[in-house]
> 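The structure is given below, and queries will be raised subsequently.
Atoms considered below: every heavy atom in the structure, side chains included; atoms not considered: hydrogens, waters and symmetry mates.
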Amino acid sequence: MAYLKVAFGFLVTAFLSATVSLAHPGLGFGWGGVGAPGGQSGAPSYGLFPQFYQFSCPQAEDIVMSVLEKAIAKEPRMAASLLRLHFHDCFVQGCDASILLDNSATIVSEKNSLPNRNSVRGFEVIDEIKAKLEEACPQTVSCADILAMAARGSTVLSGGPSWELPLGRRDSKTASLSTSNNNIPPPNSTLQNLITLFQRQGLDEVDLVALSGGHTIGVARCATFKQRLYNQNGNNLPDQTLERTYYYGLKSVCPKSGGDNNISPLDFGSPVKFDNLYFKLILWGKGLLNSDEVLLTGNFGNTMELVKAYAKDENLFFKQFAKSMIKMGHISPLTGFNGEVRKNCRLVN
């Protein structure tokens, strides 16, 4: 009789496990992965993997791309904004869509942090993707995965590389304004500071330089580079590494007082095309932000050699950018039964 009870218990457990695995492909067994939490002996490993929505929402990526195509055709700059959203999300609590949460009784939004205020954008595009996915596959595709898919899609639609994207992230029920203020690299960073902030996320110098190449598209506000034009070292003088004609052009866009929200392209040669011109511009003294320039002149580590290598070989840059994006997308994801799948990306359920 005891044997029958044990056998029956095993069958029930097996049935429940199979049911859970079907409802959430990959939650079951043997799906290990980089960044999978836990790692305790005998504990199931909930990793990320590209086929996560293969059965539960096979049309997910097509839906994401259809919205992106329209949004980026209407405003090419949106591609850079969506790429940046994923980056600013992952560097705070991991890739958990905490950046999308609005202020509420329980949430102090990351949208008001110094790196994000008056600057992060693209939330309406994410809302539209989420609404269409909820219609097709209710409460299945997480906002964190939408951000990851939107970042890849934006890169591809701007002429950049594609990559096989591991999926299965879940959404946080919390946000952290203070971590957003402390973990996202500021535009006036020194090279040592950049390397430290990337290392905090498990990313190395190669990842730093490759991911900085995302600045091949997009714009920056005058407030982020004003110091370089007027008072780089506290001596009321400009940054001597700036090429002269480029410097005078920037001054016309960014006056000494006021104009903080005026914008300038990060890569003025091809501001909406994902290419390696960003690295060539740095070599020519035409990198916009201090955090771009120090990759060449920071006298620390191997970043100078990497800038030169990517300036010379676009294919090398594309391959490493894809690898580093996958690595960044694995920063502390919520998986398995952690977190939730939000119905509305701006609110916890």
> Between Arg342 and Asn349, do the side chains contain an N or O donor and an N or O acceptor separated by less than 3.5 Å?
no

> Between Glu314 and Lys280, is there a salt bridge with N-O shorter than 4.0 Å?
no

> Phe317 and Tyr278: aromatic ring centres closer than 6.0 Å?
no

> Checking side-chain polar atoms at under 3.5 Å, does Arg84 have a donor or acceptor matched by the opposite partner on Ser119?
yes

> Under 6.0 Å from the six-membered ring centre of Tyr247 and within 45° of its axis: does the NZ or CZ of Lys286 meet both?
no

> How about Thr196 and Asn193: does a side-chain donor come under 3.5 Å of a side-chain acceptor?
no

> In terms of side-chain heavy atoms, does Ser98 have a donor or acceptor partner in Glu110 at a distance below 3.5 Å?
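There is such a pair between these side chains.
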
> Does any N or O in the side chain of Thr216 come within less than 3.5 Å of the main-chain N or O of Lys273, such that one atom is a donor and the other an acceptor?
yes

> Below 4.0 angstrom, N of the basic side chain to O of the carboxylate: do Asp102 and Lys111 qualify?
yes

> Is it true that the side chains of Asp62 and Gln59 contain a donor and an acceptor less than 3.5 Å apart?
no

> Do the ring centers of Phe318 and Tyr310 come within less than 6.0 Å of each other?
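No, the ring centres sit 6.0 Å or more apart.
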
> Using the ring centroid of each side chain, check whether Phe49 and Phe52 are separated by less than 6.0 Å.
yes

